[in-house]
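Scroll down for the structure; my scribbles are underneath it.
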Amino acid sequence: MINFIKEYIRNKVLRAKKSNISPKFINLEEMRSIGFMYNITSPSSFEELNKISAFLDKVGILYYGLAIETKGGLLPQMESAKDIPEFVKELEDKEILLVERLHLNWIGIPNAEKIDKFLERDFDLFITFNNNNDFTLEYILRDIKAKFIIGMQNNPNSPYTLVMEGENKTTLNYIEYLQQIFHYMNIIKASKA
């Protein structure tokens, strides 16, 4: 019963929270900043996150990430600087903000103080690594300031400019997903407006 109530409230919140994005097609040559959001769901998520970061390093465009632990217990409790593991420091050095589950309320809305700085940024391209309709990522996505947003799954309530799926609507792995995104961003010719 509690899950039904939680889902009801989540759906109501998302319907009420409209995105104010006016999509603008931008090609790779004109891109100055990329943002992304990633859902930490298992211990292997950190390895995937490092692969994503390495791929984006090779692209050579400034990027910022937001990685959210939506299932508790995957990130160690980090109460002081000495408690922060080395892999977390490395991600933060790469401008990837980690948000622990304890910074989300009972329905999954993040503590504003934790993500405000990230939400203040303007992005030319924003990429979501959300292939399972995660409420927290969908909620934050509505506050993102981006010219172009790419998602992994077609959801009529999401403010995606473009959705990338594999053949027969399968989900691409994250590196294939990024390769497809940058392939299309490379061939897009932005209008001279």
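Start at 1 with the first residue, then count along the sequence. All values derive from a computational prediction rather than experimental measurement. No hydrogens, no waters, no symmetry mates; every other heavy atom, side chains included, goes into these values.
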Closest approach of A146 and F126, non-hydrogen atoms and distance? CB-CB, 3.8 Å
Treating D124 as the side-chain partner and R32 as the backbone partner, does any N or O pair qualify as donor plus acceptor under 3.5 Å? yes
Any chance you could measure L14, atom CG, to L141, atom CG, to the nearest 0.5 Å? 10.0 Å
Short question: side chain of S33, backbone of L62 - any donor-acceptor pair under 3.5 Å? no
When rounded to the nearest 0.5 angstrom, what distance separates CG in L119 from CD1 in I140? 7.0 Å
With a 4.5 Å limit on heavy-atom distance, are the side chains of P110 and I68 in contact? no
Taking R10 first and then E7, would you say they form a salt bridge - that is, a charged N and a carboxylate O separated by under 4.0 Å? yes
Please assess Y38 against F46 for the test ring pair (Phe, Tyr, Trp, His ring centres under 6.0 Å), listing each intermediate value before the final yes or no. CA-CA 10 Å; Y38 181 83; F46 300 106; 8.5 Å; no
Considering non-hydrogen atoms only, spot the tightest contact between L97 and K114 and give its length. CD2-O, 3.2 Å
Nearest 0.5 Å please: distance from the CD1 atom of I150 over to the OH atom of Y160. 11.0 Å
Quick check for you: to the nearest 0.5 Å, what is the distance between L137 atom CG and L66 atom CG? 7.5 Å
Side chains of F148 and M185: does their closest heavy-atom pair fall under 4.5 Å? yes
Tell me the closest heavy-atom pair linking I96 and L49, and the distance in Å. CG2-CD2, 4.3 Å
Hey, can you tell me if F36 and F129 have their rings parallel, tilted or perpendicular (30° and 60° cut-offs)? perpendicular
Can you confirm whether I40 sits close enough to L98 that some side-chain heavy atom of one is under 4.5 Å from a side-chain heavy atom of the other? yes
Measure across E176 and N173 and return the closest heavy-atom pair with its distance rounded to 0.1 Å. N-OD1, 2.9 Å
Kindly assign one of parallel, tilted or perpendicular to the pair F182 and F55, based on the angle between their ring planes and the thresholds 30° and 60°. tilted
Note, T136 side chain near V99 side chain (heavy atom, < 4.5 Å): no
Nearest heavy-atom approach of W106 to R101 is O-NH2, 4.3 Å
Applying side chain to side chain donor-acceptor pair (under 3.5 Å) to Y63 and not counting sequence neighbours gives S53, D57
Between T161 (side chain) and I149 (backbone), is there a donor-acceptor pair under 3.5 Å? yes
State yes or no: do I2 and I9 share one hydrophobic cluster built from I, L, V, M, F, W and Y residues joined by side-chain heavy-atom distances below 4.5 Å, directly or via other members? no
Once you measure the plane-to-plane angle for Y139 and F135, does it fall in the parallel (<30°), tilted (30-60°) or perpendicular (>60°) bin? tilted
Shortest non-hydrogen contact from I175 toward I52: CD1-N, 4.3 Å
Quick one: CG on N186 to CE on M31, what's the gap to the nearest 0.5 Å? 9.5 Å
May I ask you to decide whether R121 forms a salt bridge with E95, counting only side-chain N to carboxylate O separations under 4.0 Å? yes
Do I181 and L162 pass the side-chain contact (heavy atoms from CB on, under 4.5 Å) test, and can you show the C-alpha distance, the side-chain angles, and the key distance before you say yes or no? CA-CA 9 Å; I181 288 170; L162 180 66; over 6 Å; no
Could you tell me if the side chain of L178 sits less than 4.5 Å from the side chain of I127, heavy atoms only? yes
Euclidean distance, L104 CG relative to I115 CD1, rounded to 0.5 Å: 9.0 Å
Expected output: side-chain E47 to main-chain S44 donor-acceptor under 3.5 Å: no
Kindly indicate whether the side chain of Y177, heavy atoms from C-beta on, has any atom under 4.5 Å from the side chain of M152. yes
